[in-house]
Amino acid sequence: MAIRSERSKPASIKDVAALANVSVPTVSRYLNSRERVSEEKRNRIANSIRLLHYRPNPIARALVSERTKLVTLLSTNTTLYGQSQTIRGVEQRAREAGYALNIGVLSGDDRSNLQQSVQSCLDQNPAGVILLNYDQVGNDAYSFLRHDIPLVLVAGDRQEDTCQISMQERQGGYELTQYLLHLGHKTVYHVAIPGGGGGYSRLAGWRSACEDAGVPAPAPIEANWDPECGRQIGRKLGESSDVTAVFAGNDEIGMGVIRGLNDVGRRVPEDVMVAGFDDHPIAKIWNPSLTTIRQDFYQAGMAAFSMVESEIQDVVSGRGRTEGWSRLVEISGKLIVRESTARTR
């Protein structure tokens, strides 16, 4: 039997049993009460554990004895609309199921601090983990998570061996860009949010729509999460008469872009059309109201908890990791057309 070395796929109790040529219950007895196992088998099991670098799963053992019903949610900026609404959905479903929810805020200053913040949350031995992968910090945190415990990833590029909620951002970015191009624009400028450059991102959808339409895709303009950054970008874009359509990476940035365009005398939508993404509650009362892609973050949060709870039940029942631990649930966005992209120009 090959000795496992991949960090993402640690050895399981089944691997130990197979290498030691004993049953899984025998290994379990060894881990919980060694005197109940013969000396010969103890030696074989101990040697197998050493060779495989096996670490007993404290989460599974705690669940069996009903000592924990805790789920940890990892996120970066919990004040942003998408994150806060996803957390609300997770919290609602967790409360209904009788679980406590621990929210760990990730520090992205450097990889060492990020790893430490992830590990400090895991040290609490949660029954399962939900990671909000809405930016690069979330994506980096994924590499520090163990994959032998219940884990659900929300958003981001597809990870084939992990339960995941896809927000269909590429599809939404494609649809929104296509809509703007069909209004007669020669191209669409894109203001990108942090960490949104993966193949499943809204940026990727924008680029793909431009390519399919045979129009040039200007270099994306990078923004941070501050709407004031969008305002500064809007001022710069407003200085060029070639800019007639802007797709902002989220609604807050889009509203900032509109303000910046107005600052330099460009009218929206008469001179420049602007669209956002997410459908922030303020988007519909902004002046002009903002065209956007509505994402159901609340539903994503509820679905994420249901998935991690299912994985936890696999652990409790002794089934361990099953095919269900790599499921993908897709939640599509919806194009909402408002005043910021009116047809009359």
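As the structure is a prediction and not an experimental result, all values here were calculated from the model.
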>> Just to verify, which of Leu131, Leu151, Leu145, Val152 counts as forming a side chain to side chain contact (heavy atoms under 4.5 Å, CB included) with Thr162?
In response: Leu151
>> Thr291: which residues meet the side-chain hydrogen bond (donor to acceptor under 3.5 Å, both in side chains) condition with it, sequence neighbours left out?
In response: Thr341
> Does Ser120 have any side-chain hydrogen bond (donor to acceptor under 3.5 Å, both in side chains) partners at least two apart in sequence or in another chain, and if so, which?
Replying inline: none
> What distance separates Leu132 CG from Thr76 OG1, expressed to the nearest 0.5 Å?
Replying inline: 7.5 Å
> Can you list the residues that meet the side-chain hydrogen bond (donor to acceptor under 3.5 Å, both in side chains) rule with Asp212, with sequence neighbours excluded?
Replying inline: Tyr174
> Residues in salt bridge (charged side-chain N to carboxylate O under 4.0 Å, His left out) with Glu91, at least two apart?
Replying inline: Arg95
> When Ile, Leu, Val, Met, Phe, Trp and Tyr are grouped by side-chain heavy atoms lying under 4.5 Å apart, directly or through other members, which residues fall in the same group as Met302?
Replying inline: Tyr298
> Would Asp314 and Trp325 count as having a side-chain donor-acceptor pair, cut-off 3.5 Å?
Replying inline: yes
>> Show, in sequence, the C-alpha distance, side-chain angles and deciding distance for Phe247 and His185, and conclude whether the ring pair (Phe, Tyr, Trp, His ring centres under 6.0 Å) test is met.
In response: CA-CA 12 Å; Phe247 164 22; His185 300 282; over 10 Å; no
> In chain order, what residues pass the salt bridge (charged side-chain N to carboxylate O under 4.0 Å, His left out) check against Glu96, with sequence neighbours excluded?
Replying inline: Arg93
>> Once rounded to the nearest 0.5 Å, what's the spacing between atom OG1 of Thr72 and atom CG of Leu122?
In response: 7.5 Å
> Taking only residues two or more places apart in sequence or in another chain, which ones pass side-chain hydrogen bond (donor to acceptor under 3.5 Å, both in side chains) with Glu311?
Replying inline: none
> Got a sec, which residues hit ring pair (Phe, Tyr, Trp, His ring centres under 6.0 Å) with Tyr81, two or more places apart in sequence or on another chain?
Replying inline: His280, Phe297
> Looking at residues at least two apart in the chain, or sitting in another chain, which of them share a side chain to side chain contact (heavy atoms under 4.5 Å, CB included) with Gln115?
Replying inline: Phe144
> When you look at Thr177 and Leu181, which way does the side chain to side chain contact (heavy atoms under 4.5 Å, CB included) test go after all the steps?
Replying inline: CA-CA 6 Å; Thr177 305; Leu181 290 173; 4.1 Å; yes
>> Checking Glu40 now: which residues fulfil salt bridge (charged side-chain N to carboxylate O under 4.0 Å, His left out) with it, not counting sequence neighbours?
In response: Arg44
> Looking at Val308, Ile103, Leu101, Val154, which one forms a side chain to side chain contact (heavy atoms under 4.5 Å, CB included) with Val90?
Replying inline: Leu101
> salt bridge (charged side-chain N to carboxylate O under 4.0 Å, His left out) with Arg170: which residues, sequence neighbours excluded?
Replying inline: none
>> So, using side chain to side chain contact (heavy atoms under 4.5 Å, CB included) as the criterion, who are the partners of Asp263 when residues are at least two apart?
In response: Arg231, Arg235, Arg259
> Can you tell me how far the CD atom of Glu175 sits from the CD atom of Gln171, to the nearest 0.5 Å?
Replying inline: 6.5 Å
